[in-house]
**Student:** 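Structure below; questions to follow.
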Amino acid sequence: MRDEPIGELNPPNRVLLTPGPSCVDPRVYRAMATPIVGHLDPWFMDMMSEVQILLRRVFRTDNRVTFPLSASGSGGIEAAVLNPLEAGDECLICVNGVFSERMAIIASRTPATVTRVEAPYGRTVDPEDVRRAGKGKKIKVIGLAHGETSTSVLQKIDEYRKVADELGALLIVDTVATLAGVPVDVDRQRIDICFSGTQKAISAPPGMSPMTVNARSEEIIRGRKTKTQSWYFDLETVMNYWGKERLYHHTPPISLIYGLREALRCVLEEGLEARWERHAQNQQALIAGIEAMGLELFVKNPADRLPTVTALRIPEGVDDHKVRNQLLAEFNIEIAGGLGPVKGKIWRVGLMGYSSQRNNVLLFLGAFEKVLLDQGHRVPSGAGVGAAVQSYSQAQPVPAGAAK
Ligand SMILES: *Cc1c(COP(=O)(O)O)cnc(C)c1O
């Protein structure tokens, strides 16, 4: 060990155009720098109720059990899947990328029987395949990712709800990549268990998973014959801490909850509809730019594209890492590469929450052109930025913010 002093922390201020984490509003940082109180302090308990009210508004639900789970998005998958499944149960998991695959892997660690209903990367899972897979079986749970971040595919929740109704199954939906960036309406869409992540379109720091559980699922969880395998993710006890009783379960990440509270206030000040529209418009401009540069989107069908993350194919002969490293070193911009089978084949550009800004789209397209040129890939000069500017000039004005 050398004995040089380790200096005070001073992170670079990056432009985060990844599929999470996204940039954070300065208001959220300020909230997180306020004093820690005890997690059983009456003041803190009132503040927890405020966070729950804000979360219900963002999820669009009246579910009593609505709270931020102390875990990243993957912990949300774990809690959502482990709790309703017991020995003898059967579930169907729609797999079309790394995160829905993760849900299937987690489900396979429960004593339940898991059937995977698959689609190729870049495509949605066909609801007809789900229907066929469940035919004649007693299916307890159908699980899917609303936005599959690894491939930038969006799936239509209503189609899977219909199949779940026919099969009498609970519908579990991963909205980590979509909540607060893409329309999600838990009560109207009758999602039984829905969870998200704080670091994507909500634009709070990573580390929490907002979750909502309807009365039907709560009854199933409270009526389990056996204990959920995980103590930490046992929703029965977690629900008691976030419920009226406020019974101690674990010490929650207090500063993260402060940050989440402020981030949710930002979401509702802007208004959900306005926020969805902002995400849609910025992605439209980004797509116009990418296509004008002669690059190819990974998801062919425009209706299947996830508005918060855009995947594009890496052109032949271009080095994935060199491009991403130069974007970071020269422009402070971080984008992501592919995961799993599409590693080295695609780039993923996230425009989530506070990162989904016109300035960022134009900066990225300009920087991207320069970096591609430096890496030996010619693109038509100024075409990307030009097409994005054109796209913005044709966009409707974003509606003003709604209820707080
Ligand atoms: C990011 C993401 C996750 C995982 O979240 P972590 O916070 O990295 O654990 C799960 N599902 C989807 C759809 C995601 O985009």
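For the single chain, residues carry numbers from 1 onward in sequence order. First listed ligand is number 1; within each ligand, the first listed atom is number 1.
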**Student:** Can E148 be said to touch ligand 1, with heavy atoms closer than 4.0 Å?
**Tutor:** no
**Student:** For ligand 1, which atoms have a heavy atom of S72 less than 4.0 angstrom away?
**Tutor:** 6 (P), 7 (O), 9 (O)
**Student:** Between D46 and S49, is any side-chain donor less than 3.5 angstrom from a side-chain acceptor?
**Tutor:** no
**Student:** Is H146 close enough to touch ligand 1? Criterion: a residue heavy atom under 4.0 Å from a ligand atom.
**Tutor:** no
**Student:** Check the side chains of S391 and Q284 for a donor-acceptor pair under 3.5 angstrom, ignoring hydrogens and angles.
**Tutor:** no
**Student:** How far apart are the C-alpha atoms of R324 and T18, what are their side-chain angles, what is the distance that settles it, and do they pass the side-chain hydrogen bond (donor to acceptor under 3.5 Å, both in side chains) test?
**Tutor:** CA-CA 11 Å; R324 285 193 282 134; T18 63; over 6 Å; no
**Student:** Any idea which part of S74 is under 4.0 Å from ligand 1, heavy-atom wise: side chain, backbone, both or neither?
**Tutor:** both
**Student:** For atom 2 (C) of ligand 1, which protein heavy atom lies nearest, and how many Å away is it?
**Tutor:** K200 NZ, 2.6 Å
**Student:** Note the single closest protein heavy atom to atom 11 (N) of ligand 1, along with its residue, its atom name and the distance in Å.
**Tutor:** D174 OD2, 2.7 Å
**Student:** W43: what forms a ring-ring contact (aromatic ring centres under 6.0 Å, His included) with it, not counting sequence neighbours?
**Tutor:** none
**Student:** I'd like the name of whichever of S196, G75, G73 reaches closest to atom 5 (O) of ligand 1 through any heavy atom.
**Tutor:** G73
**Student:** Would you check if there is a donor-acceptor pair between the side chains of N214 and N63 at a distance under 3.5 Å?
**Tutor:** no
**Student:** To which of M208, M103, Q199 does the heavy atom nearest atom 8 (O) of ligand 1 belong?
**Tutor:** Q199
**Student:** Please collect all salt bridge (Lys or Arg N to Asp or Glu O under 4.0 Å) contacts where either partner lies in residues 342-355, sequence neighbours excluded, each pair once.
**Tutor:** none
**Student:** Considering only protein heavy atoms, which is closest to atom 10 (C) of ligand 1, and at what distance to one decimal place?
**Tutor:** F99 CD2, 3.3 Å
**Student:** In ligand 1, which numbered atoms sit nearer than 4.0 Å to a non-hydrogen atom of A177?
**Tutor:** 15 (O)
**Student:** What protein heavy atom sits nearest atom 15 (O) of ligand 1, and how far away is it?
**Tutor:** T149 OG1, 2.2 Å
**Student:** Any heavy atom of G147 sitting closer than 4.0 Å to ligand 1?
**Tutor:** yes
**Student:** Using distance alone, with no hydrogens and no angle criterion, decide if Q283 and T310 have a side-chain donor and acceptor under 3.5 Å apart.
**Tutor:** yes
**Student:** Strictly by modelled atom types, are S203 and S22 linked by a side-chain donor-acceptor pair under 3.5 Å?
**Tutor:** yes
